[in-house]
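Only one structure is covered here, and it is reproduced in the block below.
Sequential numbering from 1 along the given sequence is applied to the chain's residues. Predicted model only: the values in this text are computed from it and were never measured.
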Amino acid sequence: AEVNIFGVSVEFGGCVAYDTIAINVNAVPSVPTVTTTTATLCAGGQAVLNAQSENAVSYNWYINGVMIPGENLATLIVNLDQAGTYNFYASANNASGCTSAVSDIATVTVKAAPSLVTITGNNVICEGAAAHLTASGSDITSYLWSYQNKTTQSVDVPAGVYTVTVSNGTCQAVSESFTVEQFGADLQITASATNVCAGDHVTLQADADGWTGNVDYQWYITDPNTNIPTLVRDYLRTLGFDLESLLTIDNSSIVDVKLVTELIGLNNFTVVATTTGGCSKEAHVEINVNPRPGTPSLTVADPVICAGNQTV
């Protein structure tokens with residue numbers, strides 16, 4: 001502090017009166033220097049700024065010309081949720097209560113994250129095939145997939161769970177997980193019976209485990225003459241039968257068929273299941289058809305007898 005003495009004199013009729021006063025002039029803090037390590041950041045991030053001034057005991061912080069209440073430390077940490085340009089500056093206060101002029105402006109630029117990124121592609125693939133996945137969004141300059149760190153917009157992947165991280169050069173965004181399943185974990189045929197008599201009905205059901213979407217079923221029986229699988233309905237037609245009385249089937253996972261005498265022996269039934277995506281599997285079951293005995297004929301020598309008698 002600097003002490004300054006001020007005096008005043010008054011003269012009247014040759015008489016002089018004189019008085020003095022001392023005024024302490026305190027030094028003003030130096031204009032602070034404001035720096036930042038976060039000149040560019042993403043929306044939702046924290047801006048960190050530091051002010052430095054000799055003999056300062058506190059600071060006044062401003063953002064876009066408005067004082068920030070309650071912030072008086074040398075370091076300012078503030079959350080910036082909206083994209084835009086923010087101008088920060090500060091003034092310094094010393095122990096004497098003097099305040100400096102404001103600092104130069106420190107600018108922080110906040111950029112928006114890329115828009116919501118989505119993954120599109122096949123979520124069910126055939127065995128041994130790959131799904132073609134594509135990431136989409138706006139303001140994207142780079143891609144990083146969770147699969148083999150691929151950096152292209154589209155990738156071909158096996159069954160699994162995948163995400164993609166995108167960037168606009170400053171900010172990043174991560175997609176939701178995308179699951180790719182392998183089609184048809186299993187396919188079996190359940191038969192109501194596998195050893196029947198000629199003329200009996202048997203119900204066959206295709207049991208698909210892990211299948212999704214629309215599935216088409218085609219039922220075949222192996223022609224014993226050619227050893228070639230033939231559609232059941234076509235084979236029964238070749239035998240000259242009315243299908244309505246023998247077969248209940250409509251590309252369904254369940255088929256009910258009457259095993260006529262012409263099918264006596266071991267029959268190999270096959271079901272081929274195909275999805276709308278073109279994936280297919282098949283399953284087999286063998287049904288043994290036994291000849292049915294002829295109807296027995298009973299005769300009696302004497303149809304009317306007395307109690308205790310016998311007849312042949």
Side-chain angles (χ1 to χ4, degrees), residues 120-133 156-160 179-299:
T120 55
N122 300 328
N123 57 1
V124 179
I125 57 176
C126 304
E127 185 175 357
H132 186 73
L133 305 184
D156 294 321
V157 299
T179 300
V180 177
E181 297 179 347
Q182 181 172 297
F183 162 81
D186 193 18
L187 178 65
Q188 296 178 343
I189 297 177
T190 300
S192 59
T194 56
N195 193 47
V196 299
C197 297
D200 289 347
H201 282 260
V202 67
T203 300
L204 306 178
Q205 179 172 350
D207 298 320
D209 179 23
W211 295 38
T212 58
N214 295 324
V215 181
D216 176 80
Y217 298 90
Q218 295 288 346
W219 291 89
Y220 297 83
I221 185 171
T222 300
D223 188 330
N225 298 316
T226 63
N227 203 35
I228 297 175
T230 305
L231 286 171
V232 174
R233 57 175 176 266
D234 293 343
Y235 183 69
L236 292 177
R237 283 195 187 100
T238 64
L239 299 179
F241 289 102
D242 177 9
L243 295 185
E244 291 185 0
S245 62
L246 300 180
L247 184 67
T248 303
I249 182 174
D250 184 18
N251 295 340
S252 171
S253 61
I254 300 176
V255 58
D256 183 271
V257 58
K258 183 177 181 179
L259 298 168
V260 293
T261 302
E262 286 77 1
L263 297 179
I264 289 175
L266 192 63
N267 295 270
N268 185 2
F269 286 86
T270 300
V271 63
V272 177
T274 306
T275 68
T276 53
C279 304
S280 66
K281 275 196 173 184
E282 62 181 54
H284 309 271
V285 66
E286 290 184 335
I287 306 295
N288 186 46
V289 181
N290 299 297
R292 187 179 293 275
T295 303
S297 177
L298 293 177
T299 59

State, with a plain yes or no, whether a side-chain heavy atom of E286 is found less than 4.5 Å away from one of T194.
no

To the nearest 0.5 Å, what is the distance between OG1 (T274) and CD (E282)?
10.0 Å

Report the distance from atom CG of D156 to atom CD1 of I125, rounding to the nearest 0.5 Å.
10.0 Å

Between D200 and R292, which heavy-atom pair has the shortest distance, and what is it?
OD1-NH2, 2.6 Å

Once rounded to the nearest 0.5 Å, what's the spacing between atom CH2 of W219 and atom OG1 of T270?
9.0 Å

Nearest 0.5 angstrom please: T222 OG1 to N227 CG, how far?
6.5 Å

Nearest atoms (heavy-atom pairs only) where V260 meets V289
O-CG1, 4.4 Å

To the nearest 0.5 Å, what is the distance between CG (N123) and CG (L133)?
9.5 Å

Nearest non-hydrogen partners of P224 and Y235, listed with the distance
CD-OH, 3.3 Å

Short side-chain donor-acceptor distance under 3.5 Å, T230 and D223
no

Kindly check if the number of other-residue, nucleotide or ligand heavy atoms within 6.0 Å of CG (N225) is above 12?
yes

I need the minimum non-hydrogen distance between A198 and I264, along with the two atoms involved.
CB-CG1, 4.0 Å

How many angstroms lie between atom OH of Y220 and atom CD1 of I228, to the nearest 0.5 angstrom?
12.5 Å

Side chain to side chain contact (heavy atoms under 4.5 Å, CB included) between V257 and V202: does it pass, once the steps are laid out?
CA-CA 6 Å; V257 58; V202 67; 3.6 Å; yes

I want to check something: taking the side chain as every heavy atom from C-beta on, are V180 and V157 in contact at a cut-off of under 4.5 Å?
yes

Hey, does I287 have a side-chain heavy atom less than 4.5 Å from the side chain of L263?
no

Does V285 reach the side chain of L204, with side-chain heavy atoms less than 4.5 Å apart?
yes

Quick check: closest heavy atoms across G199 and K258, and the distance to 0.1 Å?
O-CE, 3.4 Å

